[in-house]
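Here is the structure we will look at, set down as C-alpha cells.
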Amino acid sequence: MENNTLSAATTTTVITPDQLLKHWQGHRALTRRMIEAFPEDQLFTFSVGGMRPFSVLVMEFCGMAFPSVYGVVTDEWLGIDVLLKDAGVSVAPTTKAELLQLWDVITEKLNEWWPKIPVEAFQKEITAFGQYEGKSISILFYIFDNEIHHRGQGYVYLRALGIEPPAFWDRDQNL
C-alpha cells in the first residue's frame, strides 16, 4: 500500500536575502551605466513616442527603491524628500552629476537598510505607501521589474540617439 502521509514541511532556500540584494544591485549598476551613457542635454529631454524622458524614469526608480526598503523595515512609508533631507544630495536633480549622486546615495542606503529586513518580513502582508497591498517580497519584485522594464526604454532612447548602450547582460557592479 502506498504511503500518502505528509511529512513535516521542510524549507529549502533558493536565494538568500544577501544574494537578492546583490542581484538587485547588479541591475542598479547597469541602470547607473545607462544614466552615464546619456548625453547631458538628452537625459532630461529626449523621449520617443510621447514616453517620459529617461531622467523621469530614473527618478521613479529613486522614489521607490530606498523608501520601499525603509518601509519594509519600519512600516513607515516616506518619500525620498523626507528620508534623504539630511543626506546632502538633491532629491530634484537637474544635472546628470546630481542624478548620479542621488543614485549613489540611494545605493548606499539600500546596502545599509537591506540587512535590517528580518527574513520573515519578506513574506509579511503589507500595504506599501498606503495603497499597494501584497507581501513585502512582491512589492520589492515589482520595484526590480519596474526598473528593468523602464531601463529597456532607455535602451531604445540611446539607440535612437545613435549611442551604443551598455550590454544588457553585464550587471557587474565593479565596472
Side-chain angles (χ1 to χ4, degrees), residues 6-37 54-91 93 98-155 165-175:
L6 294 176
S7 60
T10 59
T11 302
T12 302
T13 301
V14 174
I15 188 169
T16 66
D18 287 343
Q19 290 169 324
L20 184 57
L21 176 61
K22 183 175 181 175
H23 179 80
W24 184 18
Q25 291 291 34
H27 280 289
R28 288 181 50 78
L30 179 52
T31 300
R32 189 184 196 289
R33 288 195 297 280
M34 290 287 295
I35 298 166
E36 290 172 332
F54 195 61
S55 65
V56 175
L57 301 175
V58 171
M59 286 306 299
E60 181 177 294
F61 313 152
C62 290
M64 296 168 72
F66 175 51
S68 295
V69 170
Y70 182 87
V72 168
V73 172
T74 67
D75 202 30
E76 293 181 80
W77 300 93
L78 306 171
I80 59 170
D81 56 330
V82 174
L83 293 172
L84 299 179
K85 71 178 181 190
D86 297 324
V89 64
S90 173
V91 294
E98 288 176 344
L99 187 57
L100 288 168
Q101 182 184 25
L102 176 61
W103 191 263
D104 293 343
V105 167
I106 289 170
T107 297
E108 292 169 13
K109 291 292 186 181
L110 292 173
N111 289 336
E112 175 187 346
W113 281 82
W114 186 269
K116 297 177 184 182
I117 301 174
V119 72
E120 62 275 5
F122 287 98
Q123 298 302 320
K124 181 181 175 188
E125 291 287 337
I126 61 170
T127 303
F129 303 101
Q131 59 185 336
Y132 305 110
E133 295 179 358
K135 291 185 177 187
S136 297
I137 192 67
S138 66
I139 301 298
L140 293 169
F141 278 143
Y142 173 79
I143 294 163
F144 307 165
D145 293 345
N146 184 62
E147 179 180 332
I148 295 163
H149 163 76
H150 287 305
R151 188 173 63 228
Q153 286 177 246
Y155 277 88
F168 72 89
W169 63 85
D170 188 358
R171 294 189 302 267
D172 187 350
Q173 298 172 45
N174 299 315
L175 294 177

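Heads up: numbering here begins at 1 and tracks the sequence.
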Q: Tell me, please, which residues at least two apart from E98 pass side-chain hydrogen bond (donor to acceptor under 3.5 Å, both in side chains).
A: T94
Which atom pairs, one a donor and one an acceptor, fall under 3.5 Å between side chains of residues 108-115 and the rest of the protein, sequence neighbours left out?
| from | atom 1 | to | atom 2 | distance (Å) |
| --- | --- | --- | --- | --- |
| N111 | OD1 | Q25 | NE2 | 3.0 |
| N111 | ND2 | T107 | O | 3.4 |
| W114 | NE1 | P17 | O | 2.8 |

Q) Looking only at atom types and distance, does a side-chain atom of R33 sit under 3.5 Å from a main-chain N or O of D170, one as donor and one as acceptor? A) yes
Hey, can you pull the donor-acceptor pairs under 3.5 Å for the side chains in residues 75-91, sequence neighbours left out?
| from | atom 1 | to | atom 2 | distance (Å) |
| --- | --- | --- | --- | --- |
| D75 | OD1 | W77 | NE1 | 3.2 |
| S90 | OG | A92 | N | 3.1 |
| S90 | OG | A92 | O | 3.3 |

Q.
Is there a side-chain contact between I137 and L20 in this structure, where contact means two heavy atoms from C-beta onward sitting under 4.5 Å apart?
A. yes
(Q) So R32 and D104, do their side chains get closer than 4.5 Å, heavy atoms only? (A) yes
Q) Can you list every pair that meets side chain to side chain donor-acceptor pair (under 3.5 Å) and has a residue in residues 115-131, with sequence neighbours left out? A) Q123-K135
Q. Aromatic rings Y155 and F168: how do their planes relate, parallel, tilted or perpendicular, breaks at 30° and 60°?
A. perpendicular
(Q) I'd like to check the ring-ring contact (aromatic ring centres under 6.0 Å, His included) partners of Y132; sequence neighbours left out, ordered by chain and number. (A) none
What distance separates [X] [atom1] from [Y] [atom2], expressed to the nearest 0.5 Å?
X: Y142; Y: I139; atom1: OH; atom2: CD1; answer: 9.5 Å
X: Q101; Y: I106; atom1: CD; atom2: CD1; answer: 11.0 Å
X: L100; Y: I35; atom1: CG; atom2: CD1; answer: 5.5 Å

Q. What pairs of residues pass the salt bridge (Lys or Arg N to Asp or Glu O under 4.0 Å) test when at least one of them lies in residues 139-151, not counting sequence neighbours?
A. E147-R151
**Q.** Partner residues of T16 under the side-chain contact (heavy atoms from CB on, under 4.5 Å) criterion, sequence neighbours left out
**A.** T13, D18, Q19
N/O donor to acceptor pairs below 3.5 angstrom from side-chain atoms of residues 54-72, sequence neighbours left out:
| from | atom 1 | to | atom 2 | distance (Å) |
| --- | --- | --- | --- | --- |
| S55 | OG | L43 | O | 3.3 |
| E60 | OE1 | R52 | NH1 | 2.7 |
| E60 | OE1 | R52 | NH2 | 3.3 |
| E60 | OE2 | N146 | ND2 | 2.8 |
| S68 | OG | M64 | O | 2.6 |

Q.
Counting only heavy atoms from other residues, nucleotides and ligands, does the tally under 6.0 Å from CZ of F129 exceed 12?
A. yes
